[in-house]
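Following: one structure in structure tokens, then a few remarks.
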Amino acid sequence: MAALFFVDGIVIFEEDTPLNLISTLLPDILVKGADYTIDNIVGAKEVLANGGEVKTIDLVEGYSSTSIIERIRNQAS
């Protein structure tokens, strides 16, 4: 993800949801897969209240961060 030119940074968090992180960072744009609605995106309310944007993007079959992580783990073992 960090290698993508449009990604400014990657942050790993330990909590169940990224609400505290999003509330602290208040990103200009918050993006989540289109399997979510904006009403159901954690941190959307905070980002919108700060003048930011919340976007959803279409999912592409076979391409997900979960599947990429799984492939990396399988190659490493």
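Just so we're clear, the structure is a prediction, and the values are computed from it rather than from any experiment.
- Counted within 6.0 Å of CG on N50, heavy atoms from surrounding residues, nucleotides or ligands total more than 12; the atom is thus considered enclosed.
- For P18 against V42, the heavy-atom pair with the smallest separation is CD-CG1, 4.1 Å.
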Go through the steps for I57 and V31 under the test side chain to side chain contact (heavy atoms under 4.5 Å, CB included), then give the verdict.
CA-CA 7 Å; I57 57 172; V31 180; 3.9 Å; yes
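- Looking at T37 and N40, their side chains do bring a donor and an acceptor atom within 3.5 Å of each other.
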Between I29 and K55, is the side chain to side chain contact (heavy atoms under 4.5 Å, CB included) condition met? List the steps.
CA-CA 7 Å; I29 303 171; K55 303 286 187 180; 4.2 Å; yes
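- F13 is connected to L25 through a chain of hydrophobic side-chain contacts under 4.5 Å among Ile, Leu, Val, Met, Phe, Trp and Tyr, so both are in one cluster.
- Taking CZ of R73 as the reference point, atom CD1 of I68 lies at 13.0 Å (rounded to 0.5 Å).
- For the pair S64 and L59, the minimum side-chain heavy-atom distance is 4.5 Å or more.
- The number of heavy-atom neighbours closer than 6.0 Å to CG of D16, taken from other residues, nucleotides and ligands shown, is 12 or below.
- The neighbour count for D58 CG, taken as heavy atoms of other residues, nucleotides or ligands under 6.0 Å away, does not exceed 12.
- Closest non-hydrogen pair, N20 versus E15, comes out as ND2-CG, 4.5 Å.
- A distance of 13.0 Å separates OG1 of T17 from CD1 of I41, quoted to the nearest 0.5 Å.
- Distance check, rounded to the nearest 0.5 Å: CD1 of I38 to NZ of K32 gives 13.0 Å.
- We find the CG-CD1 distance between N74 and I69 to be 12.0 Å, quoted to the nearest 0.5 Å.
- The side chain to side chain donor-acceptor pair (under 3.5 Å) test applied to T24 returns no partner, not counting sequence neighbours.
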Evaluate side chain to side chain contact (heavy atoms under 4.5 Å, CB included) for L19 paired with E46, printing each intermediate quantity in order.
CA-CA 9 Å; L19 181 58; E46 290 75 12; 3.7 Å; yes
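- Residues forming a side chain to side chain donor-acceptor pair (under 3.5 Å) with D39 (at least two apart in sequence, or on another chain): none.
- Hydrophobic cluster membership is shared by F5 and I10, with clusters built from Ile, Leu, Val, Met, Phe, Trp and Tyr side chains linked at under 4.5 angstrom.
- When hydrophobic clusters are built by joining Ile, Leu, Val, Met, Phe, Trp and Tyr residues whose side-chain heavy atoms come closer than 4.5 Å, directly or via intermediates, L48 is grouped together with Y36.
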